[in-house]
Trainee: 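First, the structure itself, so that you have it in front of you.
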Amino acid sequence: MIFKPLPDKPDHPRLEEEILARWEEERTFERLRERNRGGPTFSFIDGPVTANKGLLIHTAWGRTLKDVFQRYKALRGFDQRYQNGFDCQGLWIEVGVEHELGLNSKREIEEYGLENFARKCREAVVRSANELWRGSKRLGQWMDWGKDYFTFSDTNIEYVWRMLKTVHERRWLYLGHRATEWCPRCGTSISQHELIGSYVDRADPSLFVRFPLLDRPGEAVVIWTTTPWTLPANVAAAVNPDAEYGRRANGEWVAVARYPDDTFVERLRGAELVGWRYRGPFDELAPGAGVEHRVIPWDEVSLDDGTGVVHIAPGAGSEDFELAQEHGLPVLTPVDEAGRFYDEYGWLHGLSTTEAAEQIIGDLEEKGVLVEAGLHEHRYPECWRCHTPLIFRIADDWFISVRDLRQPMLDANATVRWTPEYMGKRMDDWLHNMGDWNISRRRYYGLPLPFYPCSCGHLNVIGSRQELEERAVAGLEQLEELRRPWIDRVPVRCEQCGEPVERIKEVGDVWLDAGIVPFSTLGWQNPKWIPEGYATGAARGLTKADLPDHAYWEKWFPADWVSEMREQIRLWFYSQLFMSVVLTGQAPFRSVLGYEKMLDENGREMHGSWGNTIEAPDAFARMGADVMRWQFCAQPPDRDLWFGYGPADEIKRKLLTLWHSVKFFVDYANIAGFRPSWEALEPESEAALDRWLVERTRGLLADASAFYDGYRADEVIRAFETYLDDLSNWYIRRSRRRFWEGEEAALRTLWFALVQTLRVLAPILPFLTDHLWRVLVLDGPESVHLAGWPEVAEPDRALLDEIAEVRRVVELGRQARSTSGIKLRQPLRRLVVEGARVNGHGGEIADELRVKEVVFGRVEAVEVRVKPNLPVLGPKLGKELGAVRAALEAGEFEELEDGRFRVLGRELGPDEVLVERGGREGWAVASADGVTVALELALDDELRLEADAYDLIHLVNTMRKEQGLELTDRIVLTVPERMRTLVERHADWIKGEVLATEIRVAGDEISLAKT
Ligand SMILES: [Zn+2]
Ligand SMILES: [Zn+2]
C-alpha cells in the first residue's frame, strides 16, 4: 500500500488527540515560529479572558477566530506574537470568591480578612488559568502558553499608574460628587460602560401619589414613580413649564396631554404652577421635615408616561441630582453603601430598597395620599456581576474627564478598519455619547488607585513602584504586592507640605487593567529588556513573560489586528483606545474583527436553568474541535451564532464528503500503484476536465486568500463548500471511469486538488487537514502547517464560468426530471436548452442527464399559466376582476417585457400576477435566472431496453458489494432467459460496467461468481 487506507468515516475526537500528540512530539508550532522568525511582522494582541472559570464555548468561538487568522498569517510567513492574556482582578473574581467562601457583604469580606481574601482570589485565578490552558490547547489554539500576561501583575499595575499620572498632569482627573448607578450588594458604583446588556425586563411597583398643596387647600399635584424607596428623599416636584396642566374636580393636578379624555375644572400653564409649596410624602421623618417642598420647572419632563409631574429626589437619581445643583435644592441621601436606609429615616432604618417598598406603599395609603398602586413592566438595569437591581446613589467617585479626549479618540477610530463595518460606527456613537469615565470602585481585589489626597489640599498621584518606594513613610517591608491590604499600609510624604498622607481606599475599574495591555506587555518606554520581567506581584511563578524594551514596543505597536465580541466596543476596544490616545495620540490597533452573540441552535439565549448551555468538554467529546471551529468560522460576523449539536451533525456530513473524496483517491491510487511527488505538485494533464479542476483549485485558493485577508472565515467556508461540490459531484463523478482504469493524469490531478484543499482549510480545521495531509503527502513537509501557503495565481475565470454554467444546466435538467416522475436510470431522447452561455459541452450534459441529444435553441415546450394576485389586484380591479381572471385562465394574454402582462387591454405589473411555467404535455421544464431547459419525456422500446440495462448494472454492482468483492475482482454473470434480448443487445457495455468476463443465460435468477 502506498497510501494508508482510510476507514469509512473519521472519529474526530480520537483523530484530534492523536494529532495533538504529534504536534507536541514533532514541535510543530515551535518549528513554524522558528521558520517565520525575522519575516514580515503581523502584530496580534490578545484581549484578556477573565480568569474565573474554565473554557466556555463562547470563549472558544473568539479563540478559534484568533487562532484561524494567526495560523493563516503564519502559513504566509509572518512573524507573530502569540501571547495569551488573563484578566485577573475586579468584581468578576471577587464575586466568584465570595460565593465560594459563602460571604455575602463587604462587611463579611473585611471580617474574613483582606490578606486571606486576596490569596483566595489569586488561587481562583490560577485554577481558572489552568482550565483555560487545557481547554484552549484542546481546541487547537496555538499560543505561547506559559508566557501569558496576567493583569494582576505589579508591572501591569504600574503601567496603569503611569497612565493615571499622565491623566492627572493634564488635569483630566477629578473627584466627582454625583448620583451614579450603584449595586447595593457589591457596595460600589457601576460605570456607564458596565451597563451594556445589563437591562432586564422587570415588574416594579407603579405608584401614583398625591402631594397636597399647602396654599391651595384640597388640591394636590399627582406624581408617578416606580421606585417607592426614593419617596422619603423627595424634595421637589417638577413640571414642564410649557405644558398645560389641569385640575380635576377632586383637586388633583396633572398634565392635560396625559389625560386627554378627563374633565378639568381649571387649566394653567406649567410655568404658573412653579413655586407652589406642597407637603412632602414623608415630612414626619427627620430628613423630610427640614425641607421646603416646591414645584420647580424642568424642560425634560416627559409627557409620554406618568402624570406630567415628576417627583425629584436628588440623592437617588442622576438627573434629579443635576436639577438640585441648578435649583439649589437639598440633597437627601436615604441609603448607605449596602442600599439600606440610614438611621435618621426612623421606622425605615435598616431596610433595603426592596424591603421598604411595601411598607412605604402601606404608609402612603394610610395617609390617604396614594391614588393608585400597581405593577409596571419595564427594562431596568441590574448589576452585571451579581444581578442585583441597581439603584442611584450619591457618591464621591474618581473620574477622567473626556472633554479633551473625545475628538482625538474619534480621529483615532477613523484610522481603524472594522469588520463588520457597522461596528466602527457603533464605536463612533459611543465616543460621541460617552460621559466622563468613572474609574473608582469601592472594592478590594483590584488595581489600587495611586491617589493620596492630602489635607493641605494637594493631590499626590504616584506613577511607579520606584516613586512609591522613594516617597514611602512606612510599610515597605510588608509590601508583598501592589495591592490591598498591603499597599494601604504604605503612606507617602506629601510633595506639597511634607506630611504623611494615606492612599484612598478605592480600587480601579477593571477595564483600566485590560486597556493598558498594548503598553504593559510590549515594554513601552522601558529602557532595558528584563527576562521574565512581567512576572511580578501576583503573577510571579505563573508566567515566564518578559518585560521587553521600548524598541520591541516600536516594532509591535500598534496591533495589526484584534478580535473580540461586539460588546467589547464599549469595554476593551474602548479602554485600549482611550489609554492609547492618552499616551500616544493614536489608535492601538489597525483593524478589528468583531462578532455578534452566541445563542442555542434554536436561536434562544443559553441559560443554565433552561438546560440549553453546552459545556466545552462535552462539545469536544461529542463533536470534536474541528467541527466546533467550523461552526464558529461559518458564522457571518454580523449575525448571531446559533450553536449546537444539530448544526454539528450537518457539518460532519459535509466533512464526510471531503473524507470520502480523499478515501476515493486513496483506494484507486493504491490499486493503480500511483505514487505522487511533492516536487511535481502541479499536474500537466491535457484533458479538459483536468485542466478545469486545476483552474478551479487555483480559483479556490485565490478566493480563499482574499477572504482570509479580509478576516472573513465564513466566506472561506462558503467558497470551499462550492468547490467541494464541484470536486465530488462533477470532477470525480465525471472521471470515475478514468480512475477505474487507473489513469495517472486523473490520479495526479485529483491528488493536487486534494492537497491544495487541505492547505486552504488548514487554519480552520487544523486537525482533520493535518491528519489527511499525513496520508496524502508522502515526501513533502510532514505537517500541512509547515507547508506554507501555496502560490496564488489568477485562474482562468472564463473557463470556470463556462463550466459553472454547464453545471447549472445539468442542475436544471435534474429538476425537470424530478418533476416528471420518470426514474433517473431511464434514458430520454432529447433536452432543449435556452439562454445558457455555454459553447459545446452538449456531450457532458447529455451524459449527466442520460439523454440522447442536447439541442441549444428556443424552448417551445413551455406553457405559461397566469393568475391574478388577489390581495393586490382585487382591490384595484373591483368588479372587473372576474373578467380578467377568466381571460387569464383562457390564456388570452400577451407576455410583455420585465414580467408584465397585457390582458383585456390593460397592463398588469409583475407584482399583480402569479406566474407558473410548466411543460406542455410530454415535456418537463425547469428554468431559473434566464436559463430554461425542456426534457422530452416520450419513451420508445430502445430507451426502455437501455433502462433495463442500467437497472441490471446497478443490481449487479450492489450484489458485488454485498458479496464483499474487491473493486478489481472479475466475475462471471448469469442472468435468466427473460433477459436474453437485453444481454445480447448490450453485452459489452454490461460486461464493462460490472467487470464481467462472461455473461451466461440460464435458470431463473441473477447470480454472479468470482473468476
Ligand atoms: Zn453587584
Ligand atoms: Zn500636603
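Whatever order the structure lists ligands and atoms in, that order sets their numbers, starting from 1. Keep in mind it's a predicted model, so treat the numbers as computed, not measured. FYI, the numbering just counts along the sequence from 1. Atom set for the values below is all heavy atoms of this structure, side chains included, hydrogens, waters and symmetry mates excluded.
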Trainee: Any chance CD of E358 has more than 12 other-residue heavy atoms, nucleotides or ligands included, within less than 6.0 Å?
Mentor: no
Trainee: Check whether NZ of the Lys or CZ of the Arg R178 lies under 6.0 Å from the centre of the six-membered ring of F399 and within 45 degrees of that ring's axis.
Mentor: yes
Trainee: Given the rule in the salt bridge (Lys or Arg N to Asp or Glu O under 4.0 Å) test, do R493 and E499 qualify, once you have shown the distances and angles that lead to the verdict?
Mentor: CA-CA 5 Å; R493 198 165 298 288; E499 289 300 310; over 6 Å; no
Trainee: Rounded to the nearest 10°, what angle sits at the Zn ion (ligand 1) between SG of C183 and SG of C186?
Mentor: 110°
Trainee: Tell me, please, if H458 has any N/O/S atom, main chain or side chain, under 2.8 Å from the Zn ion (ligand 2)?
Mentor: no
Trainee: What angle, to the nearest 10°, do the atoms SG (C386) and SG (C383) form about the Zn ion (ligand 1)?
Mentor: 100°
Trainee: Need one value: angle at the Zn ion (ligand 2), C494 atom SG versus C456 atom SG, rounded to 10 degrees.
Mentor: 110°
Trainee: I want to check a possible cation-pi pair here: R570 against Y574, using under 6.0 Å from ring centre and within 45° of the ring axis as the test.
Mentor: no
